[in-house]
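Comments concern the structure below.
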Amino acid sequence: MLKTLYKASVVLLLVWPPILAQTASKTSSITGRVVNESGQPLPNARVSVAPVQEGRPGGRTKTSRDGTFMVTGLDPVPYRIYVDAPGYLRTGEPEVNPLTRQYKVGDSVFVFTKGGVITGTVTTATGEPVIGIAVRARRIRDQKDRRPTATPFLREITTDDRGVYRIYGLPAGAYTVAAGGPPDRYASRFGAFDAFVPTYAPSSSTREGALEISVRAGEETSNVDI
């Protein structure tokens with residue numbers, strides 16, 4: 001069980017020339033570093049920058065082994081910065097719109113927390129592993145026990161050759177997990193088991209019989225077998 005909550009932040013180390021300077025040359029760059037709360041680097045985080053004004057060039061890159069990144073060849077205009085760290089979830093102040101908030105050099109731009117994990121095995125009635133079946137985790141309540149008012153969070157993965165699935169990067173809250181059945185309209189794939197009736201963990205063909213699984217940030221909930 002992972003007990004420690006991890007956080008990551010993106011710190012802008014240098015923007016030169018200043019992003020509001022009025023010049024036609026594309027000599028500006030945005031440089032930063034992605035680290036956890038202990039200051040340790042987070043490599044392979046995906047970083048994208050997009051200009052606030054349409055028609056300008058953007059860019060994308062990944063952080064290096066020491067967590068640093070650089071996006072070059074930019075016009076000296078305001079940019080929005082997006083960071084995706086696999087297994088981590090974006091957090092922040094809900095009253096602040098990240099698309100309109102202004103930053104200065106040295107500010108902490110993004111904060112991430114380590115997502116939760118649900119893992120288990122899908123087997124037949126005789127105990128044989130079911131290979132390549134879609135398993136979907138759907139959040140039914142958040143960490144404050146509130147039901148979703150919009151589209152619920154949904155994450156999908158397929159089982160491996162052992163019938164094992166592992167769904168990571170989950171926000172804290174209560175979930176149901178189901179294997180097979182037609183894909184949700186928000187799901188990303190279509191598979192060989194779409195015509196089957198979905199089976200909810202631990203072994204129910206109806207939502208009413210589904211086990212509610214508690215997920216905490218940075219922790220793994222295992223043995224959620226179907």
Side-chain angles (χ1 to χ4, degrees), residues 2-117 139 142-143 151 153-157 166-173 188 215-220:
L2 298 176
K3 297 298 185 182
T4 304
L5 299 184
Y6 294 89
K7 291 185 178 180
S9 62
V10 177
V11 180
L12 295 187
L13 302 181
L14 175 66
V15 180
W16 185 260
I19 59 175
L20 295 179
Q22 298 300 314
T23 174
S25 63
K26 298 179 181 179
T27 58
S28 296
S29 64
I30 297 177
T31 304
R33 188 166 185 247
V34 182
V35 298
N36 63 23
E37 62 180 357
S38 301
Q40 298 302 309
L42 290 178
N44 296 316
R46 294 183 288 268
V47 180
S48 300
V49 298
V52 174
Q53 179 183 355
E54 295 184 1
R56 301 275 188 167
R60 62 182 61 186
T61 187
K62 288 186 178 182
T63 56
S64 61
R65 293 180 61 182
D66 63 358
T68 60
F69 68 88
M70 176 182 287
V71 182
T72 60
L74 302 175
D75 290 335
V77 296
Y79 283 82
R80 296 167 180 163
I81 306 175
Y82 305 88
V83 179
D84 178 25
Y88 288 79
L89 298 166
R90 168 89 181 267
T91 61
E93 304 166 278
E95 67 275 9
V96 177
N97 184 342
L99 300 184
T100 59
R101 180 176 175 179
Q102 299 296 309
Y103 298 98
K104 60 181 182 296
V105 174
D107 279 353
S108 175
V109 181
F110 297 116
V111 177
F112 291 84
T113 58
K114 187 76 171 180
V117 176
R139 189 166 72 160
D142 65 14
Q143 66 271 30
T151 304
F153 180 90
L154 177 71
R155 183 69 52 86
E156 176 189 302
I157 200 169
R166 189 174 187 274
I167 306 175
Y168 63 90
L170 299 174
S188 59
V215 172
R216 296 180 179 180
E219 296 188 5
E220 182 168 310

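Small disclaimer: the values here were computed from a predicted structure and weren't measured. Heads up: numbering here begins at 1 and tracks the sequence.
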Considering only heavy atoms from C-beta outward, does the side chain of Thr63 approach that of Val47 to under 4.5 Å? yes

Taken in chain and number order and not counting sequence neighbours, the residues that satisfy side chain to side chain contact (heavy atoms under 4.5 Å, CB included) with Asp142 are Arg139, Lys144, Arg146

Taking every non-hydrogen atom, the tightest pair across [X] and [Y]:
| X | Y | result |
| --- | --- | --- |
| Arg216 | Ala172 | CA-CB, 4.3 Å |
| Leu170 | Phe153 | CD2-CE2, 3.6 Å |
| Val71 | Leu74 | O-CD1, 3.7 Å |
| Phe69 | Lys62 | CB-O, 4.3 Å |
| Val83 | Ala45 | CG1-CB, 4.4 Å |
| Val117 | Val215 | N-CG1, 4.4 Å |

What verdict does the side chain to side chain contact (heavy atoms under 4.5 Å, CB included) test give for Val52 and Val77, after you've listed the backbone C-alpha separation in whole Å, the side-chain angles of each residue and the deciding distance to 0.1 Å? CA-CA 8 Å; Val52 174; Val77 296; over 6 Å; no

Let's go through Thr72 and Met70 carefully: what are the C-alpha distance in whole Å and the side-chain angles of both, what is the deciding distance for side chain to side chain contact (heavy atoms under 4.5 Å, CB included) to 0.1 Å, and is it a yes or a no? CA-CA 6 Å; Thr72 60; Met70 176 182 287; 3.4 Å; yes

Quick one: salt bridge (Lys or Arg N to Asp or Glu O under 4.0 Å) partners of Asp66, sequence neighbours excluded? none

Suppose we screen for salt bridge (Lys or Arg N to Asp or Glu O under 4.0 Å). Which residues come up paired with Arg46, at least two apart in sequence or across chains? Asp84

